[in-house]
Each structure stands twice: as C-alpha cells, then as structure tokens.
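The shown structure was predicted, so the numbers you read here are calculated from the model rather than taken from an experiment. Below, each value reflects all heavy atoms present in this structure, side chains not excepted, and no hydrogens, waters or symmetry copies. In what follows, every chain begins at residue 1, and chains take the letters A, B, ... in the order their sequences are listed.
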Amino acid sequence: MSRPDGISGDRYNVKETEARWQKAWEEKRCFEAEIVPGKPKYYVLEMFPYPSGRIHMGHVRNYTLGDVVARYKRAKGFNVLHPMGWDAFGLPAENAAIQNNVHPAKWTRENIAAMREQLKSMGLSYDWRREVATCEPEYYRHEQKMFLDFLKAGLVYRKESWVNWDPVENTVLANEQVIEGRGWRSGALVEKRLLSQWFLKITHYAQDLLDSLATLERWPERVRLMQENWIGRSEGARLMFDLSGRTDKLEIFTTRPDTLFGAKFVAIAANHPLAAELAAGNPALAEFVAECNRMGTSEAAIETAEKKGFDTGLKAVHPFDPAWTLPIYVANFVLMDYGSGAIFGCPAHDQRDLDFANKYGLGWTQVVEPATDKDAVLGAIAKGEAYTGDGKAINSKFLDGLAVDEAKAEAIRRIEEMGRGERTINYRLRDWGVSRQRYWGCPIPVIHCEACGTVPVPVEQLPVVLPEDVSFDKPGNPLDHHPTWKHVDCPCCGKPARRETDTFDTFFESSWYFARYTSPDRDDVAFDRQAADYWMSVDQYIGGIEHAVLHLLYSRFFTRALKDCGYLGVKEPFAGLLTQGMICHETFKSEDGAWLYPTEVIPGPDGKLVHADSGAPVTGGRSEKMSKSKKNVVDPAGIIDGYGADTARLFMLSDSPPERDLDWTEAGIDGAWRYVNRLWRMVATAELPAAGTPMPDLSPETVKVRRLLHRTIAQVGEDLERFHFNKAVARIREMTNGLGELSVGDAGAAWVLREGLEATARLIGPMMPHLAEEMWQALGGSGLLAQAAWPDADPALLVEDSVTVAIQVNGKLRATIELPKDADAALAEQTALAQPQVISAMSGKPARKVVVVPNRIVNVVV
RNA sequence: GCCCCAGUGGCGGAAUGGUAGACGCGGCAGACUCAAAAUCUGUUGCCGGCAACGGCGUGCUGGUUCGAGUCCGGCCUGGGGCACCA
C-alpha cells in the first residue's frame with residue numbers, strides 16, 4: 001500500500017486536520033484544570049521524560065495511554081488534572097557539554113523546546129500552563145528547602161560511606177555505572193573509597209513502606225512484590241560474642257539462632273572497624289583488607305569472586321558455652337552494610353559457610369535433622385551442599401527436639417535472658433545516598449565551616465543557584481573548579497567557609513514533581529497546601545516497569561517525609577499504577593554478528609535475506625526492545641508526519657494489552673491508517689437524515705445493528721475503565737463493520753447510521769481525538785467533542801429477547817438453539833433433546849442427567 | 001540459588017468454569033480497472049470429505065467437574081526481578 005502523502009484527493013488530510021483541532025483545543029482552553037469544589041477530581045499522570053532531544057516510541061505509547069484515560073475521565077464528568085514536565089537534570093547533558101562544547105543548560109532547554117513541539121503534535125490533552133522543568137531554580141529551590149526541613153526532622157544525615165570511586169573521572173559511580181570492575185566511561189579500575197556523603201533516612205519508613213503495599217490495590221502485584229523483595233525484611237537476632245583476651249564484644253546478626261551449636265567460625269567484613277584495628281598491627285592482614293577493597297561491588301565482580309578469608313588469630317567465645325571459642329576470620333563475602341558486618345558460620349546449614357569451611361578445613365556439625373530421610377544431610381554435605389530445610393534440632397543441648405521455628409524462639413529467649421542480645425528485624429533496604437560529584441544537578445544547600453562544622457544555608461538565602469559560567473575541560477566536578485562559587489562566608493560565624501559542591505542524585509527531583517504540578521505558579525512554597533489536598537494522590541500513574549523499585553520507592557518515601565514535615569496530607573503518591581510494556585521491533589544481523597538497519601536488508605534472489613550492498617547473507621533476529629545499538633529504532637516523528645498522530649495512537653492501543661510488550665510492525669501501522677480513512681470516508685460519503693430527525697420504523701436487521709451499537713457503547717466504557725484498550729478498539733471496529741452492513745436507501749437504516757457514527761465519534765474521542773472532532777463536526781455536533789459527555793447506552797437495547805444456547809452431549813458441542821431470554825429449564829431441556837444432532841449423538845441411550853445453565857448451555861449426560 | 005509472570009491459528013491477540021480463536025494483520029479467491037494502487041465482497045485452526053458432516057485441537061502430564069484455555073498437583077520452555085543479605 002502506498003504511503004500517505006498528506007494532501008491528496010479524497011483522502012483524509014491528516015496534517016491540516018490535526019493542526020486545526022490542536023489549535024481549537026488550545027483556544028478554547030479545553031484542558032486547563034482548575035479546582036472546582038465538590039466536583040470529583042481525577043489526577044492522571046505519565047512519568048515525565050528526560051529531555052534527550054527527541055521523543056521515542058516508548059513515550060508515544062506512555063502518553064497515548066495517559067491521554068486516553070484523561071480524555072475518557074473528562075467525558076465521564078471528572079475534573080481532570082493532566083500535566084507534563086521535564087526531568088531535566090542528569091548526566092547526558094554533561095556528556096553533551098564535554099563532547100560538543102555546548103552548555104548543559106542550553107542543550108537541555110533546546111531539547112525541551114524541540115520535544116514540547118513533538119508532544120504537541122500528538123494532540124495530548126495537557127494543561128501546558130503547569131509545565132515544570134526540574135533544572136530551573138524556580139523548581140529546585142523548593143527541594144533545597146525540603147532538604148533543610150528533612151534535616152531538621154532528623155531524616156537527613158551525613159556519613160562516611162564506601163563508594164565506587166573512578167580515579168580518572170574523580171567521581172563516585174553508581175553500581176550500574178561500574179562494568180566489569182571498571183568505570184563505564186573512563187575504563188579505569190574502580191576503587192572502593194570511604195567518602196562523606198549525605199543520606200536520606202528511607203529506612204526510617206521501611207516497615208510502613210512494606211505494610212502499606214497492601215493498601216495499593218490498584219498497583220500491579222508484580223511491582224508490589226518487587227518492592228517487598230527490595231525492602232527485604234528479615235527477622236532474626238542481634239547477639240554479642242565476647243572476644244578472648246579482650247574486654248570489648250563483637251555484634252553479629254543472624255536469622256538462624258537455632259543453629260548456634262553448629263557454629264565453626266566467626267567472620268567479619270573487610271571494612272569492619274575490628275578488621276581495620278587488627279590490620280594496623282599485621283601487614284599481611286592489611287594487604288588482604290586492601291585486596292578486598294579493590295574488588296568492585298558490581299554484580300560481575302561478585303559473581304566471579306571466590307570466597308576468601310584471613311584468620312586474624314583472634315578468638316570469639318560462644319555465647320552458650322564460655323569454654324568454646326571460634327576463630328575470627330576477615331572474609332570477603334561478609335558485607336559491612338548489612339546487619340552488623342559480622343556473622344557466625346554454621347557450615348552444615350548455610351551454603352556460603354560450608355564453602356568457606358571446606359576451603360579452610362573448619363569442619364561442620366549437623367544441628368538440624370529432617371523429619372523424613374535422616375541421612376540426607378550427611379549425603380548432601382559430602383557433595384558440598386548445605387542443608388537449609390526444616391527439621392528438628394539435634395546436637396544442640398537445650399534446643400534438642402525443637403522444630404526450627406521453636407528452636408529460634410527458644411535460642412532468642414535464652415540470649416535475651418543472658419543480656420547478650422535481642423530479637424531484631426533487619427532490612428535489606430539501605431538509606432539513600434544522595435550526594436553526587438556532578439555539575440548538572442541541584443546544589444546541596446549546606447556550607448562547611450572549619451569552626452562551626454556543617455551549616456545549613458539559611459532559608460532566606462535560597463535558592464543556591466547553580467552557576468552557569470563553568471568549564472568542562474578538567475575531569476571531576478566543575479563546581480569544585482569554579483574560581484569563586486564555593487567560597488562563601490559562614491552564615492554562623494561569618495568567617496570564610498566552603499560551599500558543598502556535591503549535587504543531588506537526579507531521583508531527588510522526580511520524587512516530588514507530581515505534587516508540584518498542583519500549584520506550579522507558587523514561588524514562595526513548593527505547593528499550595530489547599531491545591532495539594534484537592535488534587536493528591538495521583539489517581540492513575542502510568543510508566544515503564546523499569547521504575548518499579550527506585551523511582552516509585554523514592555517517591556513513596558518522599559511523600560511520607562513531606563507529610564511528616566507538614567507539606568502534604570497523604571502518604572502515598574500514586575493510588576493507581578499502570579506499568580506499560582516495551583516497544584519491540586525486528587532486528588537483523590550480518591554473518592559476523594553486527595546489527596544492521598532494516599534499510600540495509602533486502603530479500604536475495606533465492607528469497608533469503610541479504611545485505612543490500614554486499615549481497616552477504618543476513619539473519620533476521622527476533623523482535624527486541626527498540627534501541628540505537630540494535631539499529632531497530634523507528635522514529636515517531638516520521639510516523640506522525642506521514643500517517644498522523646491518530647494513526648500512531650490507534651496502533652499503540654489496538655494490538656496488545658498495555659502492560660505487555662508491543663511489537664512495532666509496518667503492517668500494523670498500515671492497518672490503523674486504513675481504519676482512520678475508512679471512518680472518515682464513511683462520514684464523508686454517508687447520506688444521513690438531518691440531526692434531530694425522529695426515529696422512523698426500523699426493520700429487524702436494523703434493530704439488530706442498533707442493539708450492537710448500544711452494547712458496544714456499554715462495553716467500551718467498561719473496557720476503558722479496566723484499561724483494556726485493545727478490546728475497546730476491537731469492539732468499536734466490530735461496530736463499524738455492523739454499520740457498514742446497513743442497507744442503503746432505507747430511512748431507518750440511515751437513521752441508525754447517523755446514530756452509529758455519532759456514537760463512534762464519541763467512543764474514539766479519547767483514542768483518536770482529531771478524527772473524532774472532524775467526524776463530530778461533519779455530523780453537525782455542537783461544540784467541541786473534547787468537551788462533550790461520554791455517551792450512554794439505552795438499557796432497553798442491552799436486553800436481548802432471544803439468546804443462543806449451546807447444546808452439549810457429554811460436554812461436546814452438538815448443536816445451538818435460539819430460545820427466548822430466560823426461558824425455563826424444562827423448555828430448554830425439551831428443545832435440546834429434540835435436536836436431530838443431539839438424538840444422533842445420544843445413539844439411543846437415555847439421558848442420565850441434564851444440566852441446564854439458563855441462557856447459556858444445556859449439557860446432556862448419557 | 002530464591003521470588004514472580006507467561007506459553008492459545010502463519011502473526012498480534014479475544015474468551016465472569018459454559019459454543020475456543022472476537023478484532024486486527026497476513027494469505028487465498030473474486031469485483032472494479034487498459035493496468036496498477038486504493039476500495040469492496042467472499043474465504044481462511046488442523047485432518048478427512050464434492051458436501052452435509054465427522055475427528056483432532058489452548059506447552060507436557062495427572063486430577064477436580066455434567067463441563068477446564070480458565071481451578072489444583074507435578075514437569076518442560078521462555079521472560080522478568082533479587083542475590084555472597086548471614
């Protein structure tokens with residue numbers, strides 16, 4: 001099929017039409033939201049984009065989904081807030097500055113302007129007055145104030161912490177930026193470094209963040225589970241081991257106090273204070289500790305690392321037996337920031353402990369016996385496998401005979417009785433380190449003074465504005481190199497002091513933007529309390545699954561912290577969440593495994609794929625997520641330019657449910673384009689009675705179409721409520737097919753056709769808003785469809801007077817019969833048994849039982 | 001290793017435990033056309049049959065039920081999340 005050229009003959013003129021309606025919506029201010037007391041509100045939000053310069057297909061899908069919801073809810077009578085903005089701080093802007101010698105601010109603002117135009121061409125129903133860009137002081141000044149309030153509330157602290165340090169770039173790297181132990185950009189070996197960093201106390205809310213997941217009923221189960229795992233609550237005990245020949249004690253954390261009698265060693269992390277102390281007098285140990293610290297914290301580094309330990313020579317005393325001592329090792333598999341950075345090892349019932357014990361010849365003692373196969377543990381350990389299952393305690397004195405859970409409780413009771421420790425809950429979740437040695441971020445509003453220590457910037461001096469006169473010619477943080485910016489006087493003592501040159505992690509900005517939209521014009525406060533109380537929480541949030549943990553968890557934390565500081569009245573930011581799937585597209589690879597663009601591939605003489613230039617064989621790979629590296633990206637701009645926004649939007653909605661991955665295909669977009677034209681042609685060519693003509697007599701066929709029409713109206717509404725957009729599209733197409741079958745020249749049919757086309761325009765309004773307006777206007781509808789109400793189905797037409805009932809014999813379908821609706825069971829049974837196919841299938845045997853499900857099915861059992 | 005999700009025509013996908021395959025894509029046949037595109041009509045799960053019709057079909061396997069794509073048990077395959085977390 002030929003590509004549309006925009007303007008030609010009897011074709012729908014996409015470009016002109018879409019631009020015209022976008023202008024009309026803007027002039028009539030259709031999407032500007034104001035507080036209307038008493039009117040039910042609906043806040044729909046899509047995750048705001050990073051301004052990379054161009055929108056991609058993922059954006060098109062995300063914003064189409066949100067726009068359908070926004071327009072539908074508006075038509076249903078809700079006061080809808082639907083804003084858009086820019087997550088504008090971040091590393092790509094700095095990279096562009098270094099590579100192209102353009103200032104991050106200029107690069108970002110130009111990208112925003114370009115992307116705003118692209119989004120506007122999609123016809124999205126945003127209240128553009130509320131647009132925010134997080135890189136502007138008008139935005140970030142408020143988060144500096146929040147930080148100071150969090151500081152006052154005890155939710156912020158500064159701590160020395162081990163980080164991934166890139167010695168070439170002179171900055172901290174996130175775990176994701178460490179690839180095979182090297183900096184992702186410099187390629188330098190990453191080191192662990194102890195650095196002073198700002199932390200937000202997300203762990204303060206760990207239990208509430210976990211418990212409240214149960215209240216998020218409109219979140220996908222999957223996301224709730226991921227957050228639950230991420231928070232990672234585990235119940236156990238903290239206990240103190242005495243150290244032989246010393247007066248201090250060593251604290252360990254365990255979830256298996258029931259296995260204490262199986263202990264063979266104690267291990268501490270390489271960066272445990274005790275390790276540092278012992279290393280000071282032991283060069284070999286010092287070298288071992290240094291080796292552990294050189295090891296990256298990336299996943300790859302961990303996976304390849306072998307368990308290693310160093311015997312410190314120090315002994316720990318068993319808490320239940322003063323005569324029993326255990327060797328203390330420094331071990332590379334013990335993490336300083338989980339529990340207390342120290343463990344006891346029970347080789348028989350923990351895999352890591354067994355691996356370690358086998359390597360250093362520490363032995364093992366079985367202390368749990370499985371209920372069945374009592375020799376299983378010996379066999380497993382002989383194969384190098386620890387037994388971690390259930391059973392009864394053995395070789396454990398006062399615990400003997402108790403089940404694992406009972407033994408845990410009893411061991412803790414004894415420990416608490418002896419004053420050696422207590423029951424405790426430990427979380428995997430760690431406090432959020434927010435310091436970044438980066439330029440393009442929000443300055444952290446504190447000043448370091450030699451005399452006064454760390455001093456918050458006084459509120460009246462906010463915002464601390466990011467200086468724009470910086471250079472990127474040296475590695476490291478440009479703020480640190482700036483000649484004057486960091487030199488300030490201490491707000492306390494007035495003596496020369498130094499500004500904090502670190503900036504916030506960019507997740508900081510995205511943790512509260514949803515609340516800023518409620519009153520973006522307020523300069524004095526982050527948000528107007530009344531506006532926030534009216535609009536929050538977000539009723540429906542839509543975005544990619546990749547943010548299931550970090551962004552969504554940080555936002556949940558932030559909202560709690562803001563509530564506790566009096567900013568907000570709610571603690572959950574997002575009442576409903578829809579996570580959309582990725583956009584995939586076919587890929588091609590050459591013989592040597594290099595990715596190829598689809599345009600480089602043509603069918604060869606024998607039908608197999610070959611390279612267009614060289615004729616070399618090409619393999620068509622499977623459909624994968626669109627990415628530049630795989631060369632399978634389709635630019636939405638070209639699609640919108642050629643087919644129009646409505647076609648792109650329809651395609652995004654019609655083929656797959658929103659949470660599943662969507663395959664981009666040329667055929668699919670062509671199909672959507674054909675349907676757009678078909679609808680337009682139907683309206684343009686139909687001979688219809690004038691609007692408001694009374695309904696003439698209808699033929700039975702016409703009544704049938706009219707029933708279909710009203711059933712569709714009812715079902716599409718239900719589908720949209722449940723975000724079953726693909727089903728809604730299918731039903732509307734089904735109805736279009738029905739309208740196409742109406743006979744021409746019949747007054748009743750023409751009347752139903754008008755009713756049907758009007759309904760179609762309204763039903764497609766949320767999905768294909770431009771075409772819908774065009775149809776609405778052609779049909780003589782009053783005002784803008786964008787402001788019209790959702791249609792109601794006539795309940796009388798939803799009730800069928802006859803139904804098709806399936807007849808089964810022994811569960812196999814043999815016939816279908818028409819029966820009056822709600823016919824009684826006796827009639828259904830009698831009619832069913834009289835069917836020739838039923839009689840033949842029963843082959844003369846009597847019916848043993850007849851199951852009648854009214855209006856559905858009759859099953860004859862012989 | 002632990003946790004979760006998904007397997008339905010050639011493809012994307014529909015089916016409150018009740019007629020499997022709605023709707024779309026693709027294919028095939030036809031109409032219109034000098035021809036093509038566009039458009040329209042018919043057909044399209046597989047096997048057998050001219051047909052009426054019959055048989056088989058939702059990853060495999062066992063079960064519950066009058067009836068299972070749907071519920072339960074065991075397995076296989078694919079995808080995702082977490083992970084030296086004590």
Side-chain angles (χ1 to χ4, degrees), chain A residues 1-2 4 8-11 220-230 232 234 236 252-256 259 267 269 299 302-303 305-307 331-335 337-346 349-353 355-356 385 388 426-430 545-546 548-549 623 650-651 654-657 659-663 665-672 674-675 677-678 681 724 726-737 740 804-817 837 840-841 847-862:
Chain A
M1 107 164 244
S2 74
S8 72
D10 59 347
R11 284 275 185 75
E221 184 62 33
R222 190 154 78 108
V223 175
R224 288 192 274 171
L225 265 162
M226 280 162 73
Q227 292 214 351
E228 194 179 316
N229 290 338
W230 187 267
S234 61
I252 66 104
F253 173 74
T254 179
T255 56
R256 292 297 301 272
T259 64
E299 210 171 305
I302 288 164
E303 261 173 25
E306 178 190 355
K307 285 183 185 49
N332 65 350
F333 69 93
V334 179
L335 305 173
D337 42 14
Y338 185 80
S340 59
I343 61 157
F344 80 83
C346 173
H349 305 291
D350 182 282
Q351 191 58 50
R352 286 156 311 174
D353 295 348
D355 294 345
F356 191 80
E385 290 165 21
T388 54
N426 203 42
Y427 299 92
R428 206 192 71 99
L429 182 71
R430 293 171 209 169
I545 185 75
E546 65 273 20
V549 176
S623 188
L650 176 62
F651 177 69
S654 58
D655 265 20
S656 296
E659 57 282 354
R660 228 180 281 185
D661 286 353
L662 175 70
D663 240 334
T665 60
E666 279 290 315
I669 199 81
D670 279 344
R674 271 203 295 268
Y675 183 61
N677 278 283
R678 185 179 171 201
R681 227 180 304 113
H724 293 175
N726 56 325
K727 283 158 69 179
V729 170
R731 291 193 210 284
I732 296 171
R733 294 185 89 129
E734 209 172 353
M735 184 178 87
T736 308
N737 293 342
T804 309
V805 172
I807 314 298
Q808 299 180 332
V809 177
N810 288 342
K812 266 189 200 300
L813 180 74
R814 293 297 168 182
T816 59
I817 55 173
Q837 303 97 313
S840 119
R848 280 197 292 136
K849 183 173 174 185
V850 180
V851 181
V852 179
V853 182
N855 300 325
R856 285 235 170 239
I857 205 161
V858 177
N859 190 15
V860 181
V861 188
V862 294

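- The closest side-chain donor-acceptor pair between A:Y675 and A:S654, if any, does not fall under 3.5 angstrom.
- Between A:R814 and B:rG55 there is a side-chain N or O to OP1 or OP2 distance below 4.0 Å.
- In this structure, A:L650 CG and A:I669 CD1 are separated by 8.0 Å, a value rounded to the nearest 0.5 Å.
- Nearer the 5' end of RNA chain B, as judged by each residue's closest nucleotide, is the contact made by A:N810, out of A:N810 and A:I545.
- If you take atom P in B:rC4 and the same atom in B:rG73, they sit 12 Å apart, rounded to whole Å.
- When Watson-Crick and G-U wobble pairs are counted only if both distances are under 3.5 Å, B:rA15 pairs with no nucleotide at all.
- Comparing B:rC23, B:rC40, B:rC85 by their nearest atom to the side chain of A:R352 picks out B:rC85.
- As judged by a 4.0 angstrom heavy-atom cut-off over every strand, A:L335 is placed among the base-contacting residues.
- On a pure distance criterion of 3.5 Å, no polar donor-acceptor pair joins the side chain of A:R681 and the base of B:rC40.
- Here the nucleotide nearest the side chain of A:W230, chosen from B:rA20, B:rG18, B:rA83, is B:rA83.
- If you check every strand for non-hydrogen atoms under 4.0 Å, A:E734 touches sugar and phosphate atoms only.
- Comparing B:rG30 with B:rG48, their C1' atoms are spaced 27 Å from each other, to the whole Å.
- Rounded to whole Å, the C1' atom of B:rG10 lies 16 Å from the corresponding atom of B:rU43.
- Put simply, the side chain of A:D655 never gets that close to the backbone of A:L662: no donor and acceptor are under 3.5 Å apart.
- Of the C1' atoms belonging to B:rA15 and B:rG63, the separation is 24 Å, rounded to the nearest Å.
- The side chain of A:N332 lies closest to B:rC84 when the candidates are B:rA14, B:rC84, B:rC85.
- With both pairing distances under 3.5 Å, B:rA38 is matched to nothing as a Watson-Crick or G-U wobble pair.
- Between A:I343 and the options A:F333, A:F253, A:Y338, a side-chain contact (heavy atoms from CB on, under 4.5 Å) holds for only A:F333.
- Nucleotides B:rA14 and B:rC85, compared at atom C1', are 44 Å apart to the nearest Å.
- In this structure, A:R674 reaches the B:rC25 phosphate: one of its side-chain N or O atoms is under 4.0 Å from OP1 or OP2.
- Across all strands shown, A:S654 has no heavy atoms under 4.0 Å from either base or sugar-phosphate atoms.
- Comparing the same atom, C1', in B:rG55 and in B:rG7 gives a spacing of 26 Å after rounding to whole Å.
- Across B:rG18, B:rA14, B:rA86, the shortest atom-to-atom separation from the side chain of A:V334 is found for B:rA86.
- Using a 4.0 Å cut-off between a side-chain N of Lys or Arg and a carboxylate O of Asp or Glu, A:D350 and A:R256 do not qualify as a salt bridge.
- For A:E221 and A:R224, the salt-bridge test passes: some basic side-chain N is under 4.0 Å from an acidic carboxylate O.
- Between B:rG45 and B:rG13, the two C1' atoms lie 15 Å apart (nearest whole Å).
- Considering only side-chain N and O atoms, A:N726 lies under 4.0 angstrom from the phosphate OP1 or OP2 of B:rA14.
- Of the candidate nucleotides B:rC23, B:rU19, B:rA86, B:rC23 has the atom lying nearest to any side-chain atom of A:A730.
- The listed nucleotides are B:rC82, B:rC3, B:rA86; the one nearest the side chain of A:L225 is B:rC3.
- When distances run from any side-chain atom of A:R428 to the nucleotides B:rA86, B:rA83, B:rG81, the shortest one goes to B:rA83.
- Positionally, the nearest nucleotide of RNA chain B for A:E221 lies more toward the 5' end than for the other of A:S234 and A:E221.
- Formation of a donor-acceptor pair under 3.5 Å by the A:Q227 side chain with backbone atoms of A:A548 is found in this model.
- Within the 4.0 angstrom heavy-atom criterion, only backbone atoms of the sugar-phosphate kind lie near A:N737; the bases stay farther away.
- Among the atoms of the strands shown, base atoms are found under 4.0 Å from some heavy atom of A:R856.
- In this structure, A:R678 does not reach the B:rU39 phosphate: none of its side-chain N or O atoms is under 4.0 Å from OP1 or OP2.
- Out of B:rC66, B:rA14, B:rA83, the shortest distance to the side chain of A:R660 is found at B:rA14.
- Taking 4.0 angstrom as the limit, A:K812 places a side-chain polar atom (N or O) nearer than this to OP1 or OP2 of B:rC56.
- Not a single donor-acceptor pair, N or O on each side, falls under 3.5 Å between the base of B:rC66 and the side chain of A:K849.
- Listed nucleotides B:rU19, B:rG13, B:rA86 differ in distance to A:S656; the shortest reach to its side chain belongs to B:rG13.
- Counting any heavy atom pair closer than 4.0 Å across all strands shown, A:V861 reaches sugar-phosphate atoms only and no base atom.
- The base of B:rC82 does not come close enough to the side chain of A:N229 for any donor and acceptor atom to sit less than 3.5 Å apart.
- Side-chain nitrogen and oxygen atoms of A:K727 include none within less than 4.0 Å of the OP1 or OP2 phosphate oxygen of B:rA14.
- Put simply, the side chain of A:R814 never gets that close to the backbone of A:V809: no donor and acceptor are under 3.5 Å apart.
- Separating the P atom of B:rC23 from that of B:rG42 is a span of 12 Å, rounded to the nearest Å.
- Nearest to the side chain of A:R733, among B:rA83, B:rU19, B:rG24, sits B:rG24.
- Of all nucleotides present, only B:rG74 satisfies the Watson-Crick or G-U wobble test against B:rC60, with each distance under 3.5 Å.
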